[in-house]
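Let me begin by presenting the structure, written as structure tokens, before commenting on it.
We count ligands from 1, going down the list as the structure has it; atoms in each ligand are counted the same way. The figures here come from the full heavy-atom set of this structure, side chains too, leaving out hydrogens, waters and symmetry mates. It should be emphasised that the depicted structure is a prediction, and the values quoted were computed from it without experimental measurement.
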Amino acid sequence: MIEINNLNKAYANLHVLNNINLNIEKGKITYLVGPNGAGKTTLIKSILGLIKKYDGSIKIDGKLINGESDYRNIIGYMPQIASFPENLIVQNIFEMVKDLRPNSYCDEELIIEFKLKREMNKRLKNLSGGTMQKVNAALAFLFNPNILILDEPTAGLDPVSSSLLKDKILTENKKGKTILFTSHIISELEDLAQRIAFILEGKISFHGSLEELINMTGGKNLERSVAAIMIGKVA
Ligand code: ADP
């Protein structure tokens, strides 16, 4: 589904992505994990076409994405921090996004589940961090995309909202959606992940199932195992 081959990205002398080869499987939930600064966001932005200059190739459904933009219609993206003009009210954001795709089916389940209807007249600058996160999540799922890319989707959400979002991720995956998400919350590895990709200093150091990860690390406490991989003690 998303095939990444020999992907290299540098900023000046900083080699951020170092020959990444990764196949993000169709219909699976892949958990992308790695320490701060490992290159997760750079990888995601490359897939989204927000970064265009890199060496190597990215294919979605067999087609090279370089220079293309239509493929983005099948992707729902939830960024860590959304940058909308702060003076807009929540309703404006949903209207603006819906106007971009006037004849599309809209999945409003998260708007309802997160009780966002009562937030619609508030200015973005007055929203709590968690509510903004809910708006971002509802936008990512709005057009029923085949691929969902979620950058720390549950960060800042209360436990009820976090559970709702995780249920939504699982429900959409059962319908066949491909989901790539990043998180530092290790319990989400067990809750959600079907495949796990570790990125360390711009390199994929592990890609496999939870079972393979546990076998590799000797089945000890999961958080400690993940930490061991992150500092390069298991490879
Ligand atoms: P992660 O998402 O894993 O925390 P990032 O992909 O955001 O990591 O960043 C990887 C590295 O690339 C970091 O060292 C970061 O400072 C650097 N970096 C990211 N974007 C830029 C940029 N636009 N210019 C220069 N360096 C950048």
Side-chain angles (χ1 to χ4, degrees), residues 2-24 28-60 65-67 69 72 75-84 129-130 132-133 136-137 139-140 147-157 162 165-166 169 178-189 191-193 195-208 210 213 217 222-235:
I2 307 177
E3 268 178 80
I4 300 163
N5 284 305
N6 304 319
L7 185 66
N8 284 279
K9 171 72 189 169
Y11 290 111
N13 293 328
L14 185 68
H15 209 149
V16 178
L17 298 179
N18 209 329
N19 220 35
I20 301 263
N21 286 292
L22 183 65
N23 193 6
I24 296 163
K28 292 261 193 290
I29 304 177
T30 298
Y31 178 102
L32 181 65
V33 62
N36 302 123
K40 300 178 295 295
T41 304
T42 306
L43 179 61
I44 286 174
K45 285 187 174 169
S46 305
I47 296 170
L48 292 166
L50 299 173
I51 291 175
K52 292 187 171 68
K53 285 188 183 166
Y54 50 74
D55 290 327
S57 69
I58 303 175
K59 287 183 188 168
I60 295 188
I65 63 161
N66 301 49
S69 56
R72 291 197 222 169
I75 301 181
Y77 172 48
M78 180 175 174
Q80 254 178 57
I81 300 162
S83 46
F84 295 116
M132 192 63 228
Q133 192 77 346
N136 287 336
L139 288 169
I147 301 175
L148 284 145
I149 299 183
L150 313 170
D151 203 349
E152 298 198 30
T154 60
L157 290 185
S162 173
L165 184 53
K166 286 194 269 186
I169 291 172
T178 304
I179 294 154
L180 174 68
F181 78 105
T182 72
S183 175
H184 291 298
I185 304 168
I186 298 304
S187 60
E188 290 179 2
L189 208 152
D191 291 350
L192 297 173
R195 308 290 292 165
I196 300 147
F198 267 83
I199 181 164
L200 272 184
E201 293 177 4
K203 290 187 189 139
I204 298 293
S205 61
F206 171 85
H207 182 216
L210 182 58
L213 175 74
T217 54
L222 196 58
E223 187 153 27
R224 286 188 183 278
S225 300
V226 169
I229 295 181
M230 276 196 191
I231 58 169
K233 278 199 179 162
V234 184

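Not a single heavy atom of Gly34 sits under 4.0 Å from any atom of ligand 1.
Counting protein heavy atoms only, atom 21 (C) of ligand 1 is closest to Tyr11 CE1, 3.2 Å. Looking only at protein heavy atoms, the nearest one to atom 10 (C) of ligand 1 is Gly37 O, 3.3 Å. Remark: minimum distance from atom 12 (O) of ligand 1 to any protein heavy atom is reached at Val16 CG2, 3.3 Å. When only non-hydrogen protein atoms are considered, atom 8 (O) of ligand 1 lies nearest to Gly39 N, 3.2 Å. Of all protein heavy atoms, the one lying nearest to atom 5 (P) of ligand 1 is Thr42 OG1, 3.7 Å.
Seen from the ring of Tyr54, Lys52 does not count as a face-on cation partner, given the 6.0 Å and 45° thresholds.
The environment of Glu201 atom CD is sparse: at most 12 non-hydrogen atoms of other residues, nucleotides or ligands sit within 6.0 angstrom. Environment of NZ in Lys45: sparse, with no more than 12 heavy atoms of neighbouring residues, nucleotides or ligands closer than 6.0 Å.
Using a 4.5 Å heavy-atom threshold, the side chains of Thr178 and Ile24 count as touching. Inter-residue side-chain proximity for Ile29 and Phe181 is flagged as met; some heavy-atom pair is nearer than 4.5 Å. Taking 4.5 Å as the limit, some side-chain heavy atom of Leu43 sits within range of a side-chain heavy atom of Leu32. Lys59 places none of its side-chain heavy atoms less than 4.5 Å from the side chain of Ile65. Contact check for Asn136 versus Ile81: no side-chain heavy atoms found under the 4.5 Å cut-off.
In the candidate list Ile44, Asn36, Ile51, Thr41, Thr41 is nearest to atom 7 (O) of ligand 1, counting heavy atoms.
At a 4.0 Å heavy-atom cut-off, ligand 1 touches Leu14 through the side chain alone.
Distances below 4.0 Å separate heavy atoms of Lys40 from the following atoms of ligand 1: 1 (P), 2 (O), 3 (O), 4 (O), 6 (O), 8 (O). Less than 4.0 angstrom separates some heavy atom of Pro35 from each of these atoms of ligand 1: 3 (O).
Put simply, atom 16 (O) of ligand 1 has no protein non-hydrogen atoms near it, under 4.0 Å away.
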